[in-house]
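Only one structure is covered here, and it is reproduced in the block below.
Chain naming here is simple, since letters A, B, ... match the order of the sequence lines and numbering starts at 1 in each.
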Amino acid sequence: MERLPEHVPPELVTSFSLYSSPEMVPTPMGDPQAAAAKALLAGPPIVYTPLATRDGVGAWVVTRAEDQRRVLQDGVTFSSFRNTFSAAIGESWPLIPLEIDPPDHSAWRSLLNPLLSPRRVVALEGQVRARAVELIEGIKARGTDCDVMTDFAFPFAVNIFLQFLGIPDDRLMEFVGWANDMLHSTPEARTAAAHKVLGFLDDLAELRRREPADDFMTFVLNADIFGRKMTPHEVRAMSILLFIGGLDTVAAAIGFDLYHLARFPEDQKDLRENPQKILLAAEEFLRAYATITPLRTVTADVEVNGVLMKKGDIVSCPSMVANRDPMEFPNPDKIDLQREDNRHTAFAYGPHRCLGSHLARREIVVGLEEFLARIPDFRIKPGTTPMSFGGYVFGVENLILDWAA
Amino acid sequence: MKIIVHRERCQGHARCWALAPDIYDLDDEGFVVPGDIDVKPQDEDRAWRAAKSCPERALTVEK
């Protein structure tokens with residue numbers, strides 16, 4: 001462990017880590033969001049953890065919604081510049097636009113926002129629904145149980161992404177494997193997977209330079225930014241982000257939602273009988289089972305809620321913790337599927353608000369609608385145990401559902 | 001009732017539009033269209049609820 005910086009008051013140091021604390025490591029039948037929120041909301045609004053990232057770097061942890069809003073809305077004081085992906089291949093460059101700061105950030109977002117705007121997503125709904133139906137009907141034809149993540153959530157999310165990028169389906173499971181290796185595996189596997197994804201995206205860009213099509217990669221190659229075309233490097237740094245962003249997070253959300261519905265049969269019954277409630281319920285699931293933790297770097301000494309943060313400090317804003325802040329959400333630990341005023345931060349606050357949030361919402365709602373419409377009353381398959389975990393993207397695995405009569 | 005639109009705070013969550021698309025309009029990028037909104041009496045409840053749903057607090061209600 002590194003030595004504590006001198007400006008960190010000892011009374012603000014927490015031993016809690018999103019990576020290594022109980023229930024953050026893979027846990028049978030766990031509830032990692034509730035565990036993280038319980039541990040951190042019991043303490044001061046802002047604490048310091050010596051174990052904030054998987055690389056063991058220390059950081060401030062901002063736990064309350066109001067303070068997270070303050071940090072995440074100020075992209076000048078709190079920089080997003082990082083090299084999360086490129087570090088895995090021994091390089092150092094930011095993902096676009098996730099790890100880009102103002103003023104360039106807004107130019108990149110203006111280019112990309114229309115592609116994933118709420119109205120654009122309405123136009124994508126047909127293909128999202130068709131894919132959900134196809135996967136679920138396949139599951140039904142095979143029997144009366146399924147592994148939610150591998151049979152439904154991952155193939156569903158990956159397929160939508162491939163369609164968006166304009167890639168045929170036949171390499172789907174290969175992509176799922178790369179995504180899994182990049183996010184949840186050993187450093188060696190991460191590096192190997194990162195190279196494979198980069199190689200794939202480079203080949204795709206090359207193909208679309210020769211043979212343009214009506215797809216995302218062709219759009220990227222033709223787009224103007226700062227009055228010029230993108231460099232090959234920028235094409236990479238942006239396509240990689242869409243690859244990472246659209247896979248794991250949407251799949252994890254669907255996993256947690258079906259995990260909840262398997263554990264709470266009354267909620268399952270309610271949504272099954274009243275599918276019009278799914279739209280609002282999906283927001284509550286996003287609040288209660290948020291999976292991401294934005295990280296920022298302080299660019300100039302600043303005080304937040306009485307705590308002095310110094311230039312160079314890392315600040316982490318776990319969304320699943322702010323989403324259970326009682327000052328923002330009355331009775332936060334109650335999962336109320338009809339909750340209103342649900343200003344959750346599952347997609348973060350501020351200029352880096354998740355670019356894909358509108359598509360993600362559609363995928364989650366459509367996925368739940370079709371799953372509940374087509375699969376009868378389901379439960380966790382007797383004799384199996386789902387494993388949940390915290391970390392950089394929270395998740396659940398080995399979620400085997402069973403609906404045998 | 002009037003909705004004050006703090007356009008500079010809007011980050012395109014589009015929750016207002018999801019709850020009341022006839023009251024809140026979005027531009028091509030998905031941001032709320034600038035300009036305060038005069039709300040018809042029969043729309044006040046929905047306009048208020050949509051304003052309260054903004055994660056960035058970009059919408060405030062003026063009676």
*asked:* Please tell me whether B/Arg49 and B/Ser53 have a donor and an acceptor in their side chains that are separated by less than 3.5 angstrom.
replied: no
*Which pairs with one or both residues in residues 337-359 of chain A pass ring-ring contact (aromatic ring centres under 6.0 Å, His included), sequence neighbours excluded?*
A/His105-A/His352
*Hey, are A/Glu283 and A/Arg339 close enough for a salt bridge, meaning a charged N less than 4.0 Å from a carboxylate O?*
no
*Heavy-atom closest contact (A/Lys229 atom, A/Leu221 atom, distance)*: CD-O, 4.0 Å
_Engaged part of A/Arg361 at the chain B interface, taking heavy atoms whose separation is under 4.5 Å_ = side chain
_Would you say CG of B/Asp22 has more than 12 non-hydrogen atoms from neighbouring residues, nucleotides or ligands within 6.0 angstrom?_
yes
*Checking heavy atoms, do the side chain of A/Ser110, its backbone, both or neither come under 4.5 Å from chain B?*
both
*State whether A/Glu328 and B/Arg57 are salt-bridged, where the test is any N-O pair (Lys NZ or Arg NE/NH1/NH2 against Asp/Glu carboxylate O) under 4.0 Å.*
yes
*asked:* Which residues pass the ring pair (Phe, Tyr, Trp, His ring centres under 6.0 Å) test with A/Phe329, not counting sequence neighbours?
replied: none
*When only pairs under 4.5 Å are counted, which of A/Ser117, A/Ala65, A/Gly350, A/Pro114 shares the most heavy-atom pairs with chain B?*
A/Gly350
_Interface residues of residues 24-31 of chain B facing chain A - non-hydrogen atoms under 4.5 Å apart_ = B/Asp25, B/Leu26, B/Asp27, B/Asp28, B/Glu29, B/Gly30, B/Phe31
*Please name all residues satisfying salt bridge (Lys or Arg N to Asp or Glu O under 4.0 Å) with A/Asp74, sequence neighbours left out, ordered by chain then number.*
A/Arg70
*Side chain, backbone, both or neither: which part of A/Ala346 has an atom under 4.5 Å from a heavy atom of chain B?*
neither
